[in-house]
**Q** 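Please see the structure below; I have some questions.
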Amino acid sequence: MRTFVVLFALALLGAGLLQVSSAEPMRGAHCTECIPIVHDLFDNITDTTAQTLTKELDKICKLLPTTVLRLGCRKVVAVVVEDLVHKDLQWRNVYTPQQFCSLLGFCLQECCLSPVIPEQVHVSLTGDPTQMVVMWTTSESTNTSTVLYGLSDDPNALSSVATGNQSTYLWGGWVGVLHTVILTDLTPSTQYYYQVGSPGQRISELVYSFVSAPPLSNTSALATYSFAAFGDMGATSVSDPSVMLLEQRMLTGQLDVVMHAGDLSYANGVESLWDDFMRKIEPVAAHIPYMVAVGNHEVFFNFSSFKHRFRMPVQESGSPSKLYNSWNYGNVHAIAYSCEKDFGLAPDIRPGHPQYEWLEQDLAKANLPENRARQPWIVLFGHRPFYCSLNGTRCKVDAPRYRKDLEPLLYKYKVDLVVQAHNHDYERSLPVYQGVPTSTNYDNPTAPVYVVSGAAGNKEGLRTDFDTTLPPYTVTYLETYGLGFFQTVGATELHWQFVSQKGEVLDHFEIKRS
């Protein structure tokens, strides 16, 4: 079992992942002492600077019995305080005292209701149409991580077997085990049925299904594929209608892949909210590849939850970081980008730095004639926007800075669509380069189209502070919850819709190529 003692020791050693079984007698120790100290802190502290908060939280570290553990505790406090300050969270309104003690590792957060019953099932792509990643969570380790799969929904007919690995992470007091299995040798464009678990212990009661990715061929490039593209969802009831909308699209055959552009759970370091979010999306994510990009609300503990709970095609795309990657599906080459390093300063997107160099290589490869024939559409999705129309720093200062670094690449390599989030609203641009529209329509555009789709249902509410004078590239903006969807029709048409949580199409456009 993982404990706060192990967490602090690992923090001291700079580690972040370990299976622990010898420390169970210490499990949950000092949680009850931590809660009243934090409650008193919430009630009485007036100076919330990093220095004062660190000093007050040191009272909790002094509860620990040894110097080594106290030093480890202080290192965890330093990480938490840095994340809180840079997130500018009103932390007394965000956390309960128990949640805050869990954030520090004193109180444990059990992932699941049962030790070995699988939950939080989801699938993702590797970019190879003969493969599919299957992940799930249990509270404790199991004998094996096994997927039983086949071509029938009869559990007795799931005759193929694949096994994988188990892992965990310790930050935030989380107690759980993550299971990852990569299915191989699948037939492209084929419906498979599957169950997950550990035979002899527990197998999921439900039989799930997915359709394997289409072959990467010139023929597939002529077909039609459907994607959801949005950010800023969260685990609260505000996003329930959005998940229902995704389910409806899935059940009516209008959804092949989900692209979630950051700010997934809004857990802010509270691991139980990550578990809530993963359970919430399971009705969709267990059947439709759920592909993610990182957002600012994933920052806690160096993005540990994001990095461990999702298996994206990092290695397959040659990415040096788990925060960005690329993959192919049908006639689309998709790239998940990140501007999250150093709390949004994003030095790695500058020329000569790792993400920039990787992105240029990836785009150059995608633009080789033989590759562009198979994937004629290039779509970027990520969290922080390059083009947006709100008042304030994120659109007036940050967006131009990101554009300065990356926009020439996107223009040079003929990126078609950039899906962004971060702002809790919806807006779309004309084809635009360096702040100037290159066209007044979407016929044969020579520059990317930028969409902000950040209104999937976050708990913080919608943004309404649009600039009174919109820039010339902004076509429309909406202050309402909803999701973005797009279809690629062969190599000649891309159809975009923004659909409200009630299912109403509120905006649409079509990119057409002759």
**Q** Could you tell me if the ring centre of His260 sits under 6.0 Å from that of Phe230?
**A**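 Ring centres of Phe230 and His260 closer than 6.0 Å.
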**Q** Salt bridge check, Asp398 against Arg401: does any charged N sit closer than 4.0 Å to a carboxylate O?
**A**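 Yes.
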**Q** Can you tell me how the ring of Tyr426 sits relative to the ring of Trp496, calling it parallel under 30°, perpendicular over 60° and tilted otherwise?
**A**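 Tyr426 and Trp496: parallel rings.
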**Q** Any cation-pi pair here, Arg428 with Tyr450, using under 6.0 Å and within 45°?
**A**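 Relative to the ring axis of Tyr450, which defines the angle, Arg428 lies outside at least one limit.
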**Q** Could you check whether any side-chain heavy atom of Asp256 comes within less than 4.5 Å of a side-chain heavy atom of Ile288, counting everything from C-beta outward?
**A**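 The answer is no; the side chains never approach within 4.5 Å.
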**Q** What pair of heavy atoms forms the shortest contact from His383 to Val294, and how long is it?
**A**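 That closest heavy-atom pairing would be CB-O, 3.4 Å.
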**Q** Assess the residue pair Arg513 and Glu510 against the criterion (salt bridge (Lys or Arg N to Asp or Glu O under 4.0 Å)); give the C-alpha distance rounded to whole Å, side-chain angles, the decisive distance to 0.1 Å, and a yes or no.
**A** CA-CA 10 Å; Arg513 294 174 176 161; Glu510 296 180 6; over 6 Å; no
**Q** If you count heavy atoms of other groups shown closer than 6.0 angstrom to CD of Glu205, is the number above 12?
**A**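 Check fails, neighbour count at 12 or below.
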**Q** Going from CZ on Phe466 to OG on Ser389, what distance comes out if it is rounded to the nearest 0.5 angstrom?
**A**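 The CZ atom of Phe466 sits 6.5 Å away from the OG atom of Ser389.
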**Q** Does atom NZ of Lys396 have more than 12 heavy-atom neighbours from other groups under 6.0 Å away?
**A**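 Yes, NZ of Lys396 has more than 12 neighbouring heavy atoms, counting only those of other groups under 6.0 Å.
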**Q** For the backbone of Pro408 and the side chain of Arg403, can you confirm whether one donor and one acceptor N or O come within less than 3.5 Å of each other?
**A**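 Not confirmed, Arg403 side chain does not pair with Pro408 backbone.
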**Q** Could you grab the distance from atom NE2 of His287 to atom CG of Leu246, nearest 0.5 Å is fine?
**A**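 His287 atom NE2 to Leu246 atom CG measures 13.0 Å (nearest 0.5 Å).
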**Q** Measure the CG-CG distance between Asn423 and Leu462 for me, rounded to the nearest 0.5 Å.
**A**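 If we round to the nearest 0.5 Å, Asn423:CG and Leu462:CG are 11.5 Å apart.
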**Q** Please report the closest heavy-atom contact between Ala366 and Asn371, naming both atoms and the distance.
**A**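 In this case the closest contact between Ala366 and Asn371 is O-CB, 3.7 Å.
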**Q** Looking only at heavy atoms, what is the nearest atom pair of Asn331 and Ala221, with distance?
**A**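 So the minimum-distance heavy-atom pair works out to ND2-O, 3.3 Å.
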**Q** Using 0.5 Å steps for rounding, measure from the CG atom of Asn302 to the CG atom of Leu323.
**A**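 One finds 7.5 Å between CG of Asn302 and CG of Leu323.
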**Q** Give a yes or no on whether the backbone of Gln248 and the side-chain of Thr252 come within a donor-acceptor separation of less than 3.5 Å.
**A**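 Side chain of Thr252 to backbone of Gln248: a pair is present.
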**Q** Could you go step by step and tell me if Leu506 and Val499 meet the side chain to side chain contact (heavy atoms under 4.5 Å, CB included) rule?
**A** CA-CA 6 Å; Leu506 301 182; Val499 182; over 6 Å; no
**Q** Please determine whether salt bridge (Lys or Arg N to Asp or Glu O under 4.0 Å) holds for the pair Asp362 and Lys365, giving the CA-CA distance in whole Å, both sets of side-chain angles, and the decisive distance to 0.1 Å.
**A** CA-CA 5 Å; Asp362 187 87; Lys365 181 179 178 181; over 6 Å; no
**Q** Quick one: does NZ or CZ of Arg309 land under 6.0 Å from the six-membered ring centre of Trp174, within 45 degrees of the ring axis?
**A**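 The answer is yes; both the distance and angle limits are met.
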**Q** Quick check, are the ring centers of Tyr193 and Tyr208 under 6.0 angstrom apart?
**A**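 Centroid distance Tyr193-Tyr208: not below 6.0 Å, so no.
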**Q** Give a yes/no verdict on a cation-pi contact between Arg372 and Trp377, requiring under 6.0 Å between NZ or CZ and the six-membered ring centre and an angle within 45° of the axis.
**A**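 That pair does not qualify as a cation-pi contact.
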**Q** Would a line drawn from the ring center of Phe210 to the ring center of Tyr194 be shorter than 6.0 Å?
**A**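 Centroid distance Phe210-Tyr194: below 6.0 Å, so yes.
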**Q** Let's go through Tyr290 and His122 carefully: what are the C-alpha distance in whole Å and the side-chain angles of both, what is the deciding distance for ring-ring contact (aromatic ring centres under 6.0 Å, His included) to 0.1 Å, and is it a yes or a no?
**A** CA-CA 7 Å; Tyr290 206 96; His122 56 107; 7.8 Å; no
**Q** Given Leu186 and Met132, is the side chain to side chain contact (heavy atoms under 4.5 Å, CB included) satisfied, shown in steps?
**A** CA-CA 8 Å; Leu186 303 176; Met132 188 68 76; 3.9 Å; yes
**Q** Measuring from atom CG of Leu216 to atom CG of Asn328, what distance do you get when rounded to the nearest 0.5 angstrom?
**A**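 If we round to the nearest 0.5 Å, Leu216:CG and Asn328:CG are 5.5 Å apart.
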**Q** Do the charged groups of Glu316 and Arg311 touch, with an N to O distance under 4.0 Å?
**A**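 A salt bridge is present here (some side-chain N lies under 4.0 Å from a carboxylate O).
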**Q** Hey, can you tell me if Phe306 and Phe310 have their rings parallel, tilted or perpendicular (30° and 60° cut-offs)?
**A**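 Rings of Phe306 and Phe310: tilted, as their planes differ by 30° to 60°.
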**Q** Quick one: do His179 and Thr142 satisfy side chain to side chain contact (heavy atoms under 4.5 Å, CB included)? Show the steps, please.
**A** CA-CA 9 Å; His179 304 257; Thr142 56; 3.2 Å; yes
**Q** Any chance you could measure Gln420, atom CD, to Tyr337, atom OH, to the nearest 0.5 Å?
**A**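 So the gap between those two atoms works out to 5.0 Å.
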**Q** Taking atom CG of Leu368 as the centre, report whether more than 12 heavy atoms of other residues, nucleotides or ligands fall under 6.0 Å from it.
**A**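 Yes, the 6.0 Å shell around CG holds more than 12 heavy atoms from other groups.
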**Q** Using the ring of each side chain (for Trp, its six-membered ring), is Tyr473 parallel, tilted or perpendicular to Tyr387, with breaks at 30° and 60°?
**A**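 It falls in the perpendicular class, over 60°.
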**Q** Can you see which heavy atom on Gly127 is nearest to which on Trp327, and at what distance?
**A**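 Of all heavy-atom pairs spanning Gly127 and Trp327, the closest is CA-CB, 4.3 Å.
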**Q** Using a 6.0 Å distance limit plus a 45 degree cone around the ring axis, check whether Arg249 lies over the aromatic ring of Phe485.
**A**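 Yes - Arg249 lies over the ring of Phe485, closer than 6.0 Å to its centre and within 45° of its axis.
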**Q** Taking the side chain as everything from C-beta on, heavy atoms only, tell me whether Thr130 gets closer than 4.5 Å to Asp185.
**A**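 No. Closest side-chain heavy atoms not under 4.5 Å.
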**Q** On a heavy-atom basis, which atom in Gln195 and which in Leu206 lie closest, and how many Å separate them?
**A**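 Scanning both residues, the minimum pair turns out to be CG-O, 3.4 Å.
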**Q** Parallel under 30°, tilted from 30 to 60°, perpendicular over 60°: which one fits the rings of Tyr324 and Trp358?
**A**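 Plane angle between 30° and 60°, so tilted.
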**Q** Step by step, would you call Thr476 with Phe509 a side chain to side chain contact (heavy atoms under 4.5 Å, CB included)?
**A** CA-CA 11 Å; Thr476 188; Phe509 66 91; over 6 Å; no
**Q** Heavy atoms, side chains only, cut-off 4.5 Å: are Tyr433 and Pro448 in contact?
**A**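 Tyr433 vs Pro448: side chains apart.
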**Q** Hey, mind stepping through Lys307 and Glu298 against salt bridge (Lys or Arg N to Asp or Glu O under 4.0 Å) and telling me if it holds?
**A** CA-CA 9 Å; Lys307 291 176 180 178; Glu298 279 78 64; over 6 Å; no
**Q** What pair of heavy atoms forms the shortest contact from Tyr192 to Thr187, and how long is it?
**A**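 Closest heavy-atom pair between Tyr192 and Thr187: OH-N, 2.7 Å.
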